[in-house]
Novice: 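First, the structure itself, so that you have it in front of you.
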There are 2 protein chains.
Amino acid sequence: MLHPAIKVACIDCKLHGTCMPSGCSEHDLERLDPLVSTRRKIRRGQTLFTHGERFTSLYAIRSGFFKTCLSTEDGRYQVSGFQMAGEIIGLDGIVNDRHSCDAVALEDAEVCVMPFDRFEEIAREVTSLHTHVYKIMSREIVRDHTVMLQLGSMRAEERLASFLLNLLHRQHARGFSRSELILRMTREEIGSHLGMKLETVSRTFSKFVVEGLLQVKHRHVRVLNAQALQALANHPAHGHGATHAA
Amino acid sequence: MLHPAIKVACIDCKLHGTCMPSGCSEHDLERLDPLVSTRRKIRRGQTLFTHGERFTSLYAIRSGFFKTCLSTEDGRYQVSGFQMAGEIIGLDGIVNDRHSCDAVALEDAEVCVMPFDRFEEIAREVTSLHTHVYKIMSREIVRDHTVMLQLGSMRAEERLASFLLNLLHRQHARGFSRSELILRMTREEIGSHLGMKLETVSRTFSKFVVEGLLQVKHRHVRVLNAQALQALANHPAHGHGATHAA
DNA sequence: CGACACCTTGAAGAGGTTCAAGAAATGTGG
DNA sequence: CCACATTTCTTGAACCTCTTCAAGGTGTCG
């Protein structure tokens with residue numbers, strides 16, 4: 001469903017500090033205009049693209065919240081990440097001209113559609129755009145590394161602490177609270193992302209509550225002791241994580 | 001240590017099907033020449049770059065074998081990947097102008113140094129180069145997703161099977177055996193990469209041997225039953241992996 | 001040849017999973 | 001707006017995989 005969207009230029013968008021054109025000069029910003037061909041609304045539960053689907057565009061999230069899911073032929077399935085306003089999704093599709101994951105809206109959302117071929121045209125003139133996309137992709141790689149660290153060398157509590165802090169951080173960078181959080185995803189989705197079962201997620205939340213780190217009411221989370229959370233995420237408790245030897 | 005390397009143009013390099021310029025036209029290939037400013041030899045155990053170090057160049061591996069390691073201030077440490085000839089490392093450094101991981105040679109190696117600013121100059125003329133780097137970065141992202149799947153939803157046996165098949169696949173794509181493998185890394189490094197302890201890696205190898213899947217002599221591995229390995233990597237054994245529900 | 005790094009294997013223990021049941025939210029249709 | 005069905009979340013108890021600790025074996029390199 002393509003909507004006859006009200007045209008909003010990048011230059012007028014509140015997100016342009018966070019989103020695609022961040023780093024472009026004011027002058028270049030105007031020339032970015034034709035980059036966004038349309039905007040598209042996605043209802044909660046609907047997919048923006050699915051794996052196997054032909055890659056045509058990158059998407060900048062204007063509003064709403066997404067998850068991206070990896071899946072394999074044999075039915076393995078995992079949430080690879082959660083994306084919020086100002087972030088770019090679809091980068092995985094560039095290599096093979098096909099998307100390799102599913103993007104699902106966890107709440108009603110709107111995205112800016114940026115056709116990749118048009119993007120390359122524009123970048124021929126606005127060369128700073130290339131640099132910017134390199135940075136975006138590089139950032140994605142570094143982020144994935146963070147997830148690898150979570151999955152590979154943290155125990156359950158540490159993963160959840162680190163995950164919550166990450167969400168809070170990104171939310172705060174967008175001008176929202178640093179201590180309060182509405183989870184847009186289920187315990188199962190959190191678990192899938194962090195490589196643990198939904199029961200473990202739930203139990204870990206409960207433990208944090210008992211210890212006075214959090215206040216949790218279903219999807220509503222309030223941080224009571226940020227330092228302790230941080231410490232959990234940062235200080236391997238002798239347990240699971242390998243520490244540097246060489 | 002910069003070596004007064006014998007200049008070898010991309011066009012003459014045996015790897016140009018796998019490496020940076022793959023996908024470039026023969027004509028463009030020549031113009032890629034000035035991309036590689038120098039080559040650099042790295043002895044086994046030496047680092048090509050370390051986290052925090054200023055990012056200047058991408059590196060194409062001409063020969064040898066590397067590991068890349070993530071580490072955090074608090075001493076957490078993890079092998080994020082292993083790289084072989086024809087692969088590009090350093091992409092993580094683009095975002096912040098600083099490398100975010102260490103690259104260590106696991107055997108004597110040689111890399112082509114590609115200064116990033118020079119790269120951007122050349123790409124201004126050879127525009128196909130931009131597209132190519134997008135693809136390389138996108139491939140990196142997709143690969144990282146594979147690792148996330150391994151770490152997040154496979155059990156120890158499945159991880160190791162999947163890991164070995166991946167190494168074999170990449171090796172085979174370079175014209176080497178599909179069933180025999182010399183491991184360049186220790187059990188500890190494999191474990192670090194796969195989120196398991198070295199003892200578990202060792203035990204799992206032993207189990208594969210008992211079951212007739214592999215023949216293992218220290219670093220030398222021979223696959224006896226590739227199908228069974230594949231089945232392990234592909235068919236979640238009811239155990240740990242989440243399967244698609246929605 | 002001897003020192004050192006690397007690998008294997010065993011036994012005990014911990015962290016997380018599985019299975020199960022019930023409680024709390026959310027959504028639906030009358 | 002309320003009753004009901006459904007989804008989501010919580011909690012308990014038994015079990016299992018992987019880790020931890022420990023000791024001995026194997027290979028490698030000066």
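Protein chains get the first letters and strands the later ones, always in sequence-line order, with residue 1 at the start of each. Note that this is a predicted model, so its numbers are computed, not measured. These numbers come from the heavy atoms of this one structure, side chains and all, not from hydrogens, waters or symmetry mates.
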Novice: Please enumerate all residues that pass side chain to side chain contact (heavy atoms under 4.5 Å, CB included) together with B/R43, with sequence neighbours excluded.
Specialist: B/Q46, B/D108

Novice: Starting from P on D/dC9, measure out to CE on A/M196 and report it in whole angstrom.
Specialist: 13 Å

Novice: Between B/S192 and B/Q78, do the side chains contain a donor N or O and an acceptor N or O under 3.5 Å apart?
Specialist: no

Novice: Taking CD1 from A/I182 and C1' from C/dT26, how many angstroms apart are they, rounded to a whole number?
Specialist: 15 Å

Novice: State which residues pass side chain to side chain contact (heavy atoms under 4.5 Å, CB included) with A/L181; sequence neighbours excluded, sorted by chain then number.
Specialist: A/L164, A/L167, A/L168, A/Q171, A/L183, A/V221

Novice: For B/I190 and D/dC18, give me the distance from atom CD1 to atom C1', rounded to whole Å.
Specialist: 17 Å

Novice: Distances for protein N/O vs nucleotides 6-10 of chain C N/O pairs under 3.5 angstrom?
Specialist:
{"residue": "C/dC7", "atom": "OP1", "partner": "B/R219", "partner atom": "NE", "Å": "2.9"}
{"residue": "C/dC7", "atom": "OP2", "partner": "B/R187", "partner atom": "N", "Å": "2.8"}
{"residue": "C/dT8", "atom": "OP1", "partner": "B/R187", "partner atom": "NH2", "Å": "3.3"}
{"residue": "C/dT8", "atom": "OP2", "partner": "B/R187", "partner atom": "NE", "Å": "2.8"}
{"residue": "C/dT8", "atom": "OP2", "partner": "B/R187", "partner atom": "NH2", "Å": "3.4"}
{"residue": "C/dT8", "atom": "OP2", "partner": "B/S202", "partner atom": "OG", "Å": "2.8"}
{"residue": "C/dT8", "atom": "O5'", "partner": "B/S202", "partner atom": "OG", "Å": "3.1"}
{"residue": "C/dT9", "atom": "OP2", "partner": "B/S206", "partner atom": "OG", "Å": "2.4"}
{"residue": "C/dG10", "atom": "N7", "partner": "B/R203", "partner atom": "NH1", "Å": "2.9"}
{"residue": "C/dG10", "atom": "O6", "partner": "B/R203", "partner atom": "NH2", "Å": "3.2"}

Novice: Within this structure, what is the CD-to-P distance between A/E107 and C/dT26, rounded to whole angstrom?
Specialist: 14 Å

Novice: Using the side chain to side chain contact (heavy atoms under 4.5 Å, CB included) rule, pick out the option among A/E107, A/E110, A/K41 that qualifies with A/S63.
Specialist: A/E110

Novice: Find the distance B/R155:CZ to C/dG16:P and express it as a whole number of Å.
Specialist: 16 Å

Novice: About how many Å separate CG of B/L214 and CZ of B/R222, when rounded to the nearest 0.5 Å?
Specialist: 11.5 Å

Novice: Measure from CD on A/E189 to P on D/dT7 and round the result to the nearest Å.
Specialist: 14 Å

Novice: Rounded to the Å, how far apart are B/K197 NZ and D/dA22 P?
Specialist: 15 Å

Novice: Going from CZ on B/R170 to CZ on B/F176, what distance comes out if it is rounded to the nearest 0.5 angstrom?
Specialist: 13.0 Å

Novice: How close or far is atom C1' of D/dT17 from atom CG of B/L194, stated in whole angstroms?
Specialist: 16 Å

